[in-house]
Amino acid sequence: MGQRMSTPTKYRFSFGPWNISEGADPFGPEVRKAFPHEKKFALYKPMGFDGVQFHDDDVVPGVDDLTPAQISKQAAKVKKMLDNQGLVPEFVAPRLWFAPQTVDGAYTSNSAKDRKYALERTLRCIDIAHEVGSKATVLWLAREGTYIRESKNARLAYERILETINTMLDHDKEIDVWIEPKPNEPTDMAYVPTIGHAVALAYASKEPKRVKGLIETAHALLAGLDPSDEMAFALAHDKLGSVHLNDQNGLKYDQDKNFGSANLRVAFNQVRVLEEAGFGSKGEFIGLDVKAMRTQKGSCVTSHLTGSRELFLHLVDKVRSWDQKLEKQLVDARDYEALELAVMKHLMGVK
Ligand code: GLO
Ligand code: MG
């Protein structure tokens, strides 16, 4: 697997308040009692998490209807709450998929008025990130795509996304932009479906160093790609801002399953690639984006989060205890059949 880092990384973990959900899905309502955000913050540390991922309206509910002064006051309140708990706001992402103005996309909407809304909301989001003490904003380009190919001009759409990124970079020099690619859902075909697209946008932007990617396991799998290769590509370009570790059982709706639960070996390889590159040693978080099963009882269910974190740490042990000499020997001999069996036995704990 190449060189091992000399000092083992002490991993820090993050998740977003939306990861503690009430179990609604497109076919049925909530099945668990809602749990207020403020109460969620108190859960992080005891669960072994230090970072909070935010949407802009997780920090400032009803952001569209508030004045800049009101927004700033609420963001300061949340900052204090985080400081009190010793928590770090990892990023703040504009929620550009909820409002009526974003039905046909945000930056790529065919309506100039709606594109203006999207840009203004994004710049407010950057202000919120700044106020709350975060260094990054995330663009999950939820509705930047189409249901039918003829409805938008894709070339123009990519130009509009790039123009937006440049405006964001100008707006606040201290906030970096991380793009979270996803190939589909809620649209049929999304723009920026892979990390390759995101990295190309980064290099095309006016400040390539400040534009990175956030890779989610399930999104890479939905694109038919291997998440560890996607991560390796970003790492090779120093463009991995963060990760959303979870899992996905085949090509269906975005499942956000527990990390490693569907593809243990694929999960092992993600940890292997992150470890080898020393990801996390500069303070990067291991972010989770996992959804509790709707069947799970109780108010405020969190075992999907603690379980995914625990699984990650077990896989770190597996990566660190992997026999690299044997790997080298088998690679040199080009005996990949033996290498495969050795990996599987290692994962199963069989000698
Ligand atoms: C949905 C995305 C979403 C984002 C979040 C942060 O498929 O994974 O959960 O990660 O909104 O931008
Ligand atoms: Mg995600």
Side-chain angles (χ1 to χ4, degrees), residues 12-21 34-99 106 117-142 164-165 167-180 207 210-214 216 241-244 280 282-289 305:
R12 296 195 302 169
F13 297 86
S14 71
F15 69 87
W18 66 89
N19 287 131
I20 298 179
S21 67
F35 199 76
H37 273 15
E38 302 87 85
K39 280 203 182 167
K40 288 180 187 169
F41 297 134
L43 302 173
Y44 276 70
K45 283 276 185 181
M47 282 164 55
F49 290 80
D50 295 299
V52 185
Q53 310 166 16
F54 284 107
H55 294 129
D56 49 3
D57 57 2
D58 294 325
V59 183
V60 183
V63 58
D64 279 340
D65 303 319
L66 301 178
T67 64
Q70 288 170 318
I71 292 173
S72 151
K73 196 169 158 212
Q74 169 63 16
K77 203 171 121 192
V78 172
K79 181 176 192 316
K80 204 155 171 211
M81 214 141 61
L82 294 172
D83 288 348
N84 285 343
Q85 302 281 352
L87 294 171
V88 179
E90 187 190 10
F91 65 74
V92 185
R95 194 194 295 274
L96 289 169
W97 51 93
F98 227 78
Y117 162 84
L119 180 62
E120 278 165 7
R121 170 97 183 222
T122 303
L123 300 184
R124 287 302 75 74
C125 173
I126 292 177
D127 298 343
I128 293 170
H130 193 116
E131 290 262 2
V132 94
S134 175
K135 292 273 166 267
T137 185
V138 163
L139 293 184
W140 170 46
L141 300 163
T164 306
I165 292 170
T167 310
M168 293 170 73
L169 292 170
D170 277 343
H171 183 72
D172 187 327
K173 296 281 174 199
E174 282 172 39
I175 307 284
D176 290 356
V177 179
W178 298 344
I179 303 168
E180 180 179 346
E207 279 191 73
R210 293 178 52 210
V211 184
K212 297 194 173 191
L214 181 158
E216 173 161 326
S242 190
V243 290
H244 268 173
K282 289 187 214 127
E284 305 96 325
F285 280 95
I286 296 296
L288 301 179
D289 198 359
L305 290 157

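All values derive from a computational prediction rather than experimental measurement.
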What distance separates [X] [atom1] from [Y] [atom2], expressed to the nearest 0.5 Å?
X      : Y      : atom1 : atom2 : result
Asp172 : His130 : CG    : NE2   : 5.5 Å
Trp178 : Arg210 : CH2   : CZ    : 13.0 Å
Cys125 : Leu96  : SG    : CG    : 8.0 Å
Lys212 : Leu214 : NZ    : CG    : 12.0 Å

Apply side chain to side chain donor-acceptor pair (under 3.5 Å) to [X] and list each qualifying residue two or more places apart in sequence or on a separate chain.
X      : value
Glu90  : Ser14, Ser242
Ser72  : Glu131
Lys135 : none

Not counting sequence neighbours, which residues clear side chain to side chain contact (heavy atoms under 4.5 Å, CB included) with [X]? List them please.
X     : result
Gln70 : Leu66, Thr67
Met47 : Phe15, Leu43, Phe49, Thr302, Leu305, Thr306
Arg95 : His55, Asp56, Asp57, Asp58, Trp97, Phe98, Arg121
Ala99 : Asp64, Gln101, Thr102, Tyr117

Is there a side-chain contact between [X] and [Y], using heavy atoms and a 4.5 Å cut-off?
X      : Y      : result
Leu82  : Val88  : no
Ser134 : Phe54  : no
Asp176 : Val211 : no
Pro61  : Gln74  : yes
Ile179 : Ile165 : yes

Least distance between heavy atoms, [X] atom then [Y] atom:
X      : Y      : value
Pro94  : Thr137 : CD-OG1, 3.7 Å
His171 : Asp127 : NE2-OD1, 2.7 Å
Val52  : Pro17  : CG1-CD, 4.2 Å
Ile71  : Val60  : O-CG2, 3.9 Å
Gly16  : Tyr44  : C-OH, 3.7 Å

List for me each residue that meets salt bridge (charged side-chain N to carboxylate O under 4.0 Å, His left out) alongside [X], sequence neighbours excluded, and say none if there are none.
X      : value
Lys45  : Asp50
Lys40  : none
Asp170 : Lys173, Lys206

**Asked** Tell me the ring-ring contact (aromatic ring centres under 6.0 Å, His included) pairs involving residues 60-92, sequence neighbours left out?
**Response** none
**Item:** Trace of the side-chain contact (heavy atoms from CB on, under 4.5 Å) decision for Phe285 with Gln53
**Value:** CA-CA 10 Å; Phe285 280 95; Gln53 310 166 16; over 6 Å; no
**Asked** Which of these passes side-chain hydrogen bond (donor to acceptor under 3.5 Å, both in side chains) with Asp83: Lys80, Lys79, Gln85?
**Response** Lys79
